[in-house]
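Everything below concerns the one structure shown next.
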Amino acid sequence: MIKSHESIRNLLQLAPGTAVTARGWVKTRRDSKGVHFIQINDGSCLKDLQVVMEADRAPADLIAKVTTGACIRVEGEMVESPGKGQAVELRGHSLELLGAAPPESYPLQKKKHTLETLREFGHFRARSNTFGAVFRVRNALAFAVHKFFQERGFLYVHTPILTTSDAEGAGAMFQVTTLDLSNPPRLPTTGAIDYSQDFFGKPAYLTVSGQLEAEIFALAFSNVYTFGPTFRAENSNTPRHLAEFWMIEPEMAFCDLTGNMELAEEFLKYLITYVMDHCAADLEFFQQRYEPDLLATLEHVASSDFVRLPYTEAVKILSQASRQWEFPVAWGNDLQSEHERYLTEETFRKPVIVTDYPKQIKAFYMRLNEDGKTVRAMDVLAPGIGEIIGGSQREEREEVLVARIRELGLKEEDYWWYLDLRRYGGVEHSGFGLGFERMMMYVTGMKNIRDVIPFPRTPGHADF
RNA sequence: UCCUCAGUAGCUCAAUGGUAGAGCAUUCGGCUGUUAACCGAAGGGUUGUAGGUUCGAGUCCUACCUGAGGAGCCA
């Protein structure tokens with residue numbers, strides 16, 4: 001194991017003269033008369049360590065195997081570097097090849113690859129500069145999520161991944177079964193599949209949201225959050241959708257939509273600030289390679305107030321805009337991508353929180369406003385990303401909730417425990433869901449969600 | 001799922017319907033405290049697949065496969 005102080009990140013901080021051992025994977029090797037330059041990286045930071053091997057300290061047949069992708073160990077001494085590009089370098093005394101990477105077949109070269117090509121080598125792409133930076137930022141961002149909530153006394157709750165409630169309306173679900181699919185048991189009367197013989201005695205699925213369970217905990221622990229995998233079986237082929245993604249869902253009792261929005265804004269700013277403070281080198285890399293305005297945008301978002309815009313106002317702005325919409329703007333229609341883009345990228349140029357949507361385009365559990373037409377919903381729309389957060393104040397009035405369930409043709413008995421929460425000790429409460437990978441896209445400037453998750457699952461793709 | 005675009009050497013890309021090329025990578029040789037090192041040479045291709053038009057197809061047409069972008073769905 002590489003101890004923390006042995007990481008390349010730390011070796012690069014050492015004073016010249018320190019004896020060290022370095023281990024890592026070779027990025028590139030350059031040979032000169034009597035001396036070899038080997039750049040290695042161990043993932044601890046973006047920067048490589050330059051190892052300098054005098055030819056008489058490493059036999060030629062060994063050096064020949066030190067190729068891009070190979071894993072080596074070098075013992076030697078940190079010295080001041082006479083060359084440009086690094087303050088210190090490792091003067092190697094001995095070199096050991098831990099794992100060769102035959103160049104005839106190793107798929108990665110030292111020159112650049114497209115992100116699409118790297119995606120095909122999911123088992124090697126983490127060794128590239130880009131994905132090294134992506135996953136260091138992902139690690140920091142995940143830590144920041146917990147830090148934010150823990151500092152505020154939120155309880156981290158693990159909501160179930162397997163669920164038998166199939167009516168949350170958040171999207172198509174993956175069914176989970178232990179039945180023999182080639183010959184499932186059937187009911188003699190109707191011929192329908194007999195799920196009483198399935199593992200859970202009824203149809204089961206992978207979760208599409210932990211929200212309903214989080215509400216149970218919020219009405220016991222006041223402030224809670226979930227952070228876990230979520231699954232959607234939609235046939236979505238876009239740079240913004242995954243079949244398996246991670247979602248953060250805070251849920252707060254004694255909290256209305258205003259408090260909900262305040263938390264969402266504070267949360268996003270906290271995450272951005274944390275990553276800027278802790279991943280500066282990686283963010284600079286993204287700015288240089290992928291998104292020239294990245295740092296300015298992040299600083300702008302972290303320091304300016306988000307726009308609060310009621311849906312009705314948004315419709316007004318859009319209908320007065322001097323442009324042709326592919327999809328008509330009318331009160332009652334959901335906002336389309338082109339509309340969201342216009343609001344975030346042209347009208348306001350920063351995140352916009354749209355609130356109080358018509359009830360018919362939102363979920364049954366959102367609290368009905370006094371006007372009887374809109375609900376206390378909020379979507380946080382981010383420039384370039386679209387919807388990054390969706391949330392609402394929940395309907396805590398039993399009779400109103402029951403009416404909404406019936407209105408939508410849902411079955412009351414499926415929600416017996418959800419309604420019980422209103423019948424016994426119910427109180428106003430609110431929450432939202434943040435797509436973790438969408439946040440990753442926002443802070444890194446990466447344009448495809450498949451490149452900010454270690455192993456993307458999309459229709460037709462579940463390799464590695 | 002629909003629409004659009006793309007698919008040529010291991011990788012990144014060229015090639016008015018007329019002999020498939022370059023850079024990098026690989027192999028060999030040279031030079032050099034190098035910085036995606038540099039210089040020279042060599043090997044490397046059924047142009048995604050299957051049909052079709054044509055004297056002749058990487059190029060035009062059809063279908064399919066794969067990828068990307070846009071849309072829908074959403075986080």
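Numbered from 1 within each chain, the chains take letters A, B, ... in sequence-line order.
Residues from residues 449-464 of chain A lying near RNA chain B, meaning a heavy-atom separation below 4.0 Å, are Ile449(A), Arg450(A), His461(A) in numerical order. Using a 4.0 Å cutoff on non-hydrogen atoms, the parts of residues 26-37 of chain A near RNA chain B are Thr28(A), Arg30(A), Asp31(A), Ser32(A), Lys33(A), Phe37(A), ordered by number.
Residue Glu326(A) is classed as having no contact, given no heavy-atom separation below 4.0 Å to the nucleic acid. Leu108(A) comes within 4.0 angstrom of nothing in the nucleic acid, heavy atoms only. Within 4.0 Å (heavy atoms only), Thr68(A) reaches no atom of the nucleic acid at all. Backbone-only contact: Asn448(A) has heavy atoms under 4.0 Å from sugar-phosphate atoms and none from a base. Among the heavy atoms of the strands, none lies under 4.0 Å from Glu54(A). Nucleic acid contact class of Gly85(A) (heavy atoms, under 4.0 Å, all strands): none. Within 4.0 Å (heavy atoms only), Arg240(A) reaches at least one base atom of the nucleic acid. Residue Gln50(A) is in base contact, counting any heavy-atom pair closer than 4.0 Å across all strands shown.
Between Thr114(A) and U12(B), a side-chain N or O to OP1/OP2 separation shorter than 4.0 Å is present. OP1 or OP2 of A68(B) sits under 4.0 Å from a side-chain N or O of Arg119(A).
Residues Glu284(A) and Gln288(A) have side chains that never bring a donor and an acceptor to within less than 3.5 angstrom of each other. Thr21(A) and Glu6(A) are not linked by any side-chain donor-acceptor pair at a separation below 3.5 angstrom, with hydrogens and angles left out of the test. Looking only at atom types and distance, the side chain of Thr28(A) has no donor-acceptor partner in the side chain of Gln39(A) under 3.5 Å away. Residues Thr230(A) and Trp246(A) have side chains that never bring a donor and an acceptor to within less than 3.5 angstrom of each other. No side-chain N or O of Gln393(A) forms a donor-acceptor pair with one of Tyr365(A) less than 3.5 Å apart.
Base pairing in RNA chain B yields stems of at least 3 consecutive Watson-Crick or G-U pairs, both distances under 3.5 Å, namely B:1-7 with B:65-71, B:10-13 with B:21-24, B:26-30 with B:38-42, B:48-52 with B:60-64.
The distance between the ring centers of Tyr156(A) and Tyr225(A) falls below 6.0 angstrom.
A gap of 36 Å separates the P atoms of U46(B) and U35(B), to the nearest Å. Separating the P atom of U47(B) from that of G7(B) is a span of 14 Å, rounded to the nearest Å. Atom name P, nucleotides C3(B) and A42(B): the rounded distance is 49 Å, in whole Å. Spacing between U16(B) and C11(B) at atom P, rounded to whole Å, works out to 23 Å. Comparing the P positions of G17(B) and U27(B) gives an interatomic distance of 39 Å, to the nearest angstrom. The separation of G72(B) from U1(B), taken at their C1' atoms, amounts to 8 Å, rounded to a whole angstrom. A distance of about 16 Å separates the C1' atoms of U49(B) and A57(B), rounded to the whole Å. Taking atom C1' in both G30(B) and G67(B), one finds a spacing of 42 Å when rounded to whole Å.
Residues Tyr205(A) and Phe231(A) have side chains not in contact (no heavy-atom distance under 4.5 Å, counting atoms from C-beta outward).
With respect to the salt-bridge test (charged N to carboxylate O, under 4.0 angstrom), the residues Glu54(A) and Arg57(A) do not qualify. With respect to Lys269(A) and Glu265(A), a salt bridge is recorded, a charged nitrogen being found less than 4.0 Å from a carboxylate O. At a threshold of 4.0 Å, the pair Arg240(A)-Glu387(A) does not count as salt-bridged, since none of the basic side-chain nitrogens sits closer than that to a carboxylate oxygen.
In this entry the distance linking NZ of Lys362(A) with P of C74(B) reads 8 Å, nearest Å. What separates CZ of Phe267(A) from P of A75(B) is a distance of 16 Å, to the nearest Å. Summarising the geometry, the separation between CZ on Phe231(A) and C1' on C73(B) is reported as 19 Å, rounded to the nearest angstrom. For Leu268(A) and A75(B), the CG to C1' distance is 12 Å, given to the nearest whole Å. Distance, Ile63(A) CD1 to U34(B) P: 17 Å, rounded to whole Å. The nearest whole Å value for the distance from the CD atom in Gln39(A) to the P atom in U35(B) is 11 Å. Atom CG of Asp334(A) and atom P of A71(B) are 14 Å apart (whole Å). Separating the CD atom of Glu244(A) from the C1' atom of A75(B) is a distance of 14 Å, rounded to the nearest angstrom.
Of all heavy-atom pairs between Leu97(A) and Ala70(A), the closest is CD1-CB, 4.1 Å. Between Ile38(A) and Ile63(A), the shortest heavy-atom contact is CD1-CD1, 4.4 Å.
Where Glu437(A) and Phe327(A) each meet RNA chain B at their nearest nucleotide, the meeting point lying more 5' is that of Phe327(A). Annotation: of the two residues near RNA chain B, Pro103(A) and His241(A), the 5′-most nearest-nucleotide partner is Pro103(A).
In this structure, of G70(B), G33(B), C73(B), it is C73(B) that holds the atom nearest to the side chain of Glu234(A). You'll find that the side chain of His113(A) is closest to C11(B), out of U35(B), C11(B), C73(B). Between A75(B), U12(B), G33(B), one nucleotide has an atom nearer to the side chain of Thr117(A) than all others, and that is U12(B).
For the pair Arg152(A) and Phe148(A), the cation-pi test (distance below 6.0 Å, angle within 45°) is passed. With Phe131(A) as the aromatic partner, Arg125(A) meets the cation-pi criteria of under 6.0 angstrom to the ring centre and within 45 degrees of the ring axis.
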